[in-house]
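No hydrogens, no waters, no symmetry mates; every other heavy atom, side chains included, goes into these values. In the text below, chain A, chain B and the rest are named by the order of the sequence lines, each starting its count at 1.
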Protein chains: 2
Amino acid sequence: MDTRKRTILQAVTEDYISSAEPVGSRTLAKKYHWGISPATIRNEMADLEEGGFLEQPHTSSGRIPSDKGYRFYVDELMAKVPVGHKVLERIRFTYQSRIRELEWFIHQTAKLVSDITGYPSIVLAPSWEEGIFSSLRFVEVDENNALLIIRTADGFAQNRTVSVPQELSLVQLNALAQDFSRQFAGISMRDLQNYILDPLFTSLFENAALRQTVLEWLLSEGPDDERMTVAGPLTILNYPEFKDINKVRRVLGFFEQDRAVEQMIQAHPADGVIALIGSEMSVDDIQDCSVVTASYQVGHKVVGRVMVVGPRRMQYAYVMKVLEVVSDELSQALKWA
Amino acid sequence: MDTRKRTILQAVTEDYISSAEPVGSRTLAKKYHWGISPATIRNEMADLEEGGFLEQPHTSSGRIPSDKGYRFYVDELMAKVPVGHKVLERIRFTYQSRIRELEWFIHQTAKLVSDITGYPSIVLAPSWEEGIFSSLRFVEVDENNALLIIRTADGFAQNRTVSVPQELSLVQLNALAQDFSRQFAGISMRDLQNYILDPLFTSLFENAALRQTVLEWLLSEGPDDERMTVAGPLTILNYPEFKDINKVRRVLGFFEQDRAVEQMIQAHPADGVIALIGSEMSVDDIQDCSVVTASYQVGHKVVGRVMVVGPRRMQYAYVMKVLEVVSDELSQALKWA
DNA sequence: ATTAGCACTCTCAATCTGAGAGTGCTAACA
DNA sequence: TGTTAGCACTCTCAGATTGAGAGTGCTAAT
């Protein structure tokens with residue numbers, strides 16, 4: 001691929017990204033003063049098409065990049081863009097809160113990213129099931145109710161207000177909780193669920209009602225089917241490729257399926273910021289989309305991801321840069337643990 | 001309005017509700033064996049159109065009910081339908097949980113209603129701002145973090161994990177919290193926010209960092225812009241009247257605007273189960289919709305609403321019955337306070 | 001009061017048309 | 001050998017036309 005082809009491919013891609021219209025040779029010749037005629041550009045574009053980097057929607061409209069073309073653009077051609085000062089400030093400010101709740105950070109991150117990029121964003125929270133159980137305890141709320149606090153080894157906590165069986169006092173309850181914590185600390189939440197049928201578990205919680213409470217809690221919060229937060233789903237409607245109701249339905253439907261998202265992520269386990277372009281993704285519902293995803297860490301361990309979903313002609317450079325910054329800041333912010 | 005006109009209006013309405021196709025005289029004559037000919041039906045329909053109960057989309061298609069027609073149908077013609085046994089069981093089961101969290105109930109209710117009816121549903125939680133402050137306290141989580149629990153006079157609690165200024169011990173913190181609670185119990189959350197600038201408040205919290213924490217908490221949870229939970233928004237796409245992308249955008253956009261929903265509700269403050277049909281609503285974005293809304297109570301006081309949004313040709317009878325049952329059960333369930 | 005008959009209106013899908021945009025190819029040129 | 005001008009060709013898109021189908025309103029007969 002010689003320099004001129006690269007230049008043309010880059011021009012086609014960037015033009016198409018900003019206009020959503022197939023790019024013709026004449027347009028390019030007029031816009032960029034390369035000193036070559038439309039005919040020459042046509043020849044080059046024909047070569048690029050032969051090489052699989054460009055496609056024609058119809059026999060004689062302009063060209064648009066193929067997935068391979070976008071891939072080449074992202075990997076080789078794309079210029080790095082800086083993140084504006086104001087945006088940077090805004091990101092930093094978001095993570096300065098005194099609030100120490102995982103869920104809150106996840107929500108804020110999703111909103112922030114969608115707002116900055118103008119695309120829908122998804123944040124995948126750390127898997128609760130994979131979290132390591134650390135301790136369990138009850139705090140009195142009133143006569144009948146208590147706050148159940150479960151902590152993981154990572155320093156995250158989940159809490160839930162539950163009603164307490166009449167016949168148990170808070171003191172008894174916490175004695176049980178301490179036993180329980182000692183017994184099961186270090187085990188993953190997923191395994192903990194399996195222990196529910198273990199004799200050890202049932203012997204600790206002889207009280208059936210209480211056992212049911214703990215069980216219900218583990219099951220209701222446990223399964224990772226609410227790991228996902230979506231922000232700005234409707235921004236997808238701003239892009240002309242989604243004027244067809246069925247495409248919209250599929251993409252918005254995807255945003256409601258935690259499983260599909262997890263599946264997609266698991267198929268591309270790379271760390272750092274990566275772009276997944278159209279057909280590179282296994283999930284049918286978003287074949288018309290591209291996804292940029294960035295991992296974030298808690299203590300050197302990748303625990304979740306921040307993602308942006310957009311049309312294939314996404315502003316890759318900008319989005320990737322934003323996600324790089326955001327995921328770093330988020331990782332920093334979660335270091336409280 | 002004589003009996004025959006009523007019968008015809010009812011038939012047109014119910015046919016249109018289930019088919020989404022304008023109903024013609026011939027169709028009616030064939031389907032119902034009233035012993036009158038299409039021509040007679042036509043005459044009657046012409047009268048009904050003159051009376052404003054029916055309309056013709058185009059000069060010569062069948063008729064569809066006007067908003068006035070739906071109104072008459074809902075108020076006078078509609079037959080009561082029972083809720084199936086299985087559905088009833090499911091509703092009851094949902095509210096038997098030991099979990100005692102308002103937010104959880106709100107979410108479950110929204111999901112439940114959307115699932116049962118097949119329409120999008122919105123649940124409006126009790127206004128936090130209007131809630132009466134009762135007490136404030138801190139529970140230790142670890143060295144640096146504490147759980148801040150705020151309770152209202154209704155017995156509801158919100159909690160949030162926050163980082164604690166180094167220089168304050170938990171004991172000091174809770175001493176302050178107790179002073180604070182004594183001082184401000186009985187004041188609405190909204191007023192509490194205004195007190196933030198009050199000398200009394202600032203004197204209690206001489207520690208600036210702490211004051212900021214409390215303030216941040218009140219502001220972040222306080223404004224009622226997350227009162228609303230939506231479930232099943234995409235079910236609206238199943239109805240053929242929403243095959244136009246712009247209608248979809250408006251309706252789905254409405255679901256993201258807490259303010260618009262509150263505004264709509266405030267314009268129709270009636271208790272119990274009511275239907276709002278198309279143009280009866282003040283909000284432009286949902287002129288193509290009807291809304292059925294039911295209020296729920298905590299201790300004889302209406303605190304929130306369960307709503308179903310659907311096309312104008314909604315299954316009014318069924319939806320209204322479902323909401324009646326659900327809002328009753330929800331009110332019962334919230335009596336723990 | 002009801003009904004049969006019929007002309008009329010309107011929608012919808014299919015077909016056709018011309019303008020416009022852009023291409024591929026060929027032959028000429030540097 | 002690479003580049004370019006010219007031209008025929010292809011395809012889309014919007015607008016106009018057409019015929020079938022559905023349903024009506026009106027009139028005259030029952």
Side-chain angles (χ1 to χ4, degrees), chain A residues 1-9 11-16 18-66 69 240-241 243-245, chain B residues 1-9 11-16 18-66 69 240-241 243-245:
Chain A
M1 169 104 57
D2 61 35
T3 310
R4 194 164 71 184
K5 282 202 177 56
R6 294 170 69 104
T7 309
I8 289 176
L9 179 53
V12 171
T13 307
E14 288 174 357
D15 257 50
Y16 184 65
S18 62
S19 75
E21 296 290 334
V23 185
S25 56
R26 232 178 83 88
T27 319
L28 284 185
K30 242 193 275 181
K31 184 166 173 185
Y32 305 90
H33 302 92
W34 291 327
I36 56 178
S37 78
T40 308
I41 297 176
R42 276 205 287 283
N43 287 332
E44 295 286 36
M45 294 209 298
D47 289 351
L48 284 167
E49 184 168 354
E50 207 171 338
F53 297 99
L54 294 180
E55 338 182 297
Q56 280 181 293
H58 324 289
T59 305
S60 143
S61 68
R63 257 85 172 193
I64 64 175
S66 65
E241 32 274 271
K243 60 175 200 277
D244 173 39
I245 193 84
Chain B
M1 171 107 57
D2 63 34
T3 310
R4 194 164 70 185
K5 282 200 178 53
R6 294 171 67 106
T7 308
I8 291 176
L9 179 54
V12 170
T13 306
E14 287 174 358
D15 258 49
Y16 185 65
S18 63
S19 75
E21 297 289 335
V23 185
S25 55
R26 229 178 86 88
T27 319
L28 284 185
K30 240 193 275 179
K31 183 166 174 184
Y32 306 90
H33 303 92
W34 290 327
I36 56 178
S37 78
T40 308
I41 296 176
R42 277 205 287 283
N43 289 332
E44 294 287 35
M45 293 209 294
D47 289 351
L48 284 166
E49 185 168 354
E50 206 170 341
F53 297 99
L54 294 180
E55 345 184 291
Q56 282 180 292
H58 323 289
T59 305
S60 142
S61 67
R63 258 86 172 190
I64 64 175
S66 65
E241 32 274 270
K243 61 174 198 276
D244 174 40
I245 193 84

On DNA chain C, more 5' by nearest nucleotide between B:Thr40 and A:Ala46 is B:Thr40
For the CZ atom on B:Arg6, are there more than 12 heavy atoms of other groups (residues, nucleotides or ligands in this structure) within a distance under 6.0 Å?
yes
Where along residues 21-31 of chain B does a heavy atom fall under 4.0 Å from DNA chain C?
none
Closest-nucleotide 5' rank along DNA chain C - winner of B:Ile36 and B:His58
B:Ile36
Return the minimal non-hydrogen interatomic distance between A:Gly24 and A:Met45, and the atom names on each side.
C-CE, 4.2 Å
Nearest heavy-atom neighbours spanning A:Val12 and A:Leu54:
CG1-CD2, 3.7 Å
Heavy-atom pair with the smallest gap, counting every atom of B:Ile36 and B:Ala29
O-CB, 4.2 Å
Considering the options A:Lys5, A:Arg42, A:Arg63, which one meets the salt bridge (Lys or Arg N to Asp or Glu O under 4.0 Å) requirement together with A:Glu49?
A:Arg63
Between B:Gly52 and B:Ser66, which heavy-atom pair has the shortest distance, and what is it?
O-OG, 2.5 Å
Chain A vs DNA chain D, heavy-atom contacts under 4.0 Å, first-to-last nucleotide span, 5' to 3', is D:dT3 to D:dT12
Sole residue of B:Thr7, B:Thr27, B:Asp15 in side chain to side chain donor-acceptor pair (under 3.5 Å) with B:Tyr32:
B:Asp15
Can B:Trp34 and B:Ile41 be said to form a side-chain contact (heavy atoms from CB on, under 4.5 Å), step by step?
CA-CA 10 Å; B:Trp34 290 327; B:Ile41 296 176; 4.1 Å; yes
